[in-house]
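Take a look at the structure set out below.
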Amino acid sequence: MKKSYYLLMQLVVAVACFSCGDAPKDTANNDAATVDSTAASAADTTVAPNTAASPQQAVVQELAAFYNGLLPCKDCDGIQTLLTLNADEQQSFTLSEEYKGKKPKTVETNGTWSVMGNIITLSSKNGTFKYQVNSEGLVGLNPDGSQMDASKYLLKKVQGE
């Protein structure tokens, strides 16, 4: 919850900073002021698109990582799950599920992911999967969006170097 709040605050600050860049500029009639004003306008035009995209890109960069956990399974000993969220242009993901027990098998799913608030949606040819971001990682959600048991359906963020 703290991480979600932190990301939301970053977004609010970025939007506030972006809206401040649209304030009217003082345009004096002398040549030096006109040149400065034009230079500032050109700089504003260049910076504005990057500023507008950066809050979302910052969220994507923050969430892009490896997430790992052993999830419950009705007819096996558990599903060792590794979810990789990439910060590439397509926002691709790879979900690798290794079923443990009697009939071990590994299933790999690829697709794209998106984030809205604190909900991550994975989209693939096999359907969509949703996860809720929390301070420890990602918690699987039911198809209707309701939360599963967080202690059983948690994929912990793998801390890198």
* To do: Go through the structure and list residues passing salt bridge (charged side-chain N to carboxylate O under 4.0 Å, His left out) with E136, not counting sequence neighbours.
  => none
* Asked: Would you say V115 and L63 make side-chain contact, with heavy atoms under 4.5 Å?
  -> yes
* Give the C-alpha distance, both sets of side-chain angles, the deciding distance and a yes or no for side-chain contact (heavy atoms from CB on, under 4.5 Å) between E108 and T94. => CA-CA 7 Å; E108 192 167 289; T94 301; 3.7 Å; yes
* From K152 NZ over to L70 CG, what is the distance, rounded to the nearest 0.5 angstrom? -> 12.5 Å
* Worked check of side-chain contact (heavy atoms from CB on, under 4.5 Å) between L122 and K130 -> CA-CA 6 Å; L122 307 179; K130 294 188 181 224; over 6 Å; no
* Those residues that, when tested against K156, pass salt bridge (charged side-chain N to carboxylate O under 4.0 Å, His left out) (two or more places apart) -> none
* How is the hydrophobic cluster of L141 composed, in terms of its other members, when Ile, Leu, Val, Met, Phe, Trp and Tyr link through side-chain heavy atoms under 4.5 Å apart, directly or indirectly? -> I119
* Asked: Is the shortest heavy-atom distance from the side chain of F93 to the side chain of I120 under 4.5 Å?
  -> no
* Is it true that Y99 and Y153 fall in one hydrophobic cluster, defined by side-chain heavy atoms closer than 4.5 Å? -> no
* Asked: For the side chain of N134 and the backbone of G137, is there at least one donor-acceptor N/O pair under 3.5 Å apart?
  -> yes
* To do: Enumerate the residue pairs fulfilling disulfide (SG to SG under 2.5 Å) with a member in residues 73-106, sequence neighbours excluded, ordered by first and then second residue.
  => C73-C76
* Please tell me if the side chains of T106 and E97 come closer than 4.5 Å, counting only heavy atoms from C-beta onward. => no
* Taking the hydrophobic residues Ile, Leu, Val, Met, Phe, Trp and Tyr, and joining any pair whose side-chain heavy atoms are under 4.5 Å apart, which ones share a cluster with L154? -> V139
* Go through the steps for S123 and F129 under the test side-chain contact (heavy atoms from CB on, under 4.5 Å), then give the verdict. => CA-CA 7 Å; S123 300; F129 308 95; over 6 Å; no
* Asked: Where do G101 and P104 come nearest, in terms of heavy atoms and distance?
  -> O-CD, 3.2 Å
* Report the distance from atom OH of Y67 to atom OH of Y131, rounding to the nearest 0.5 Å. => 11.5 Å
* Asked: Are any side-chain N or O atoms of D144 and backbone N or O atoms of S146, one a donor and one an acceptor, separated by less than 3.5 Å?
  -> yes
Donor-acceptor list for residues 79-88 side chains, cut-off 3.5 Å, not counting sequence neighbours:
from : atom 1 : to  : atom 2 : distance (Å)
Q80  : NE2    : N68 : OD1    : 2.8
Q80  : NE2    : G69 : O      : 3.4
T81  : OG1    : I79 : O      : 3.2
N86  : ND2    : S92 : O      : 3.3
N86  : ND2    : S92 : OG     : 3.1
D88  : OD1    : Q91 : N      : 2.9
D88  : OD1    : S92 : N      : 2.9
D88  : OD1    : S92 : OG     : 3.4
D88  : OD2    : S92 : OG     : 2.7

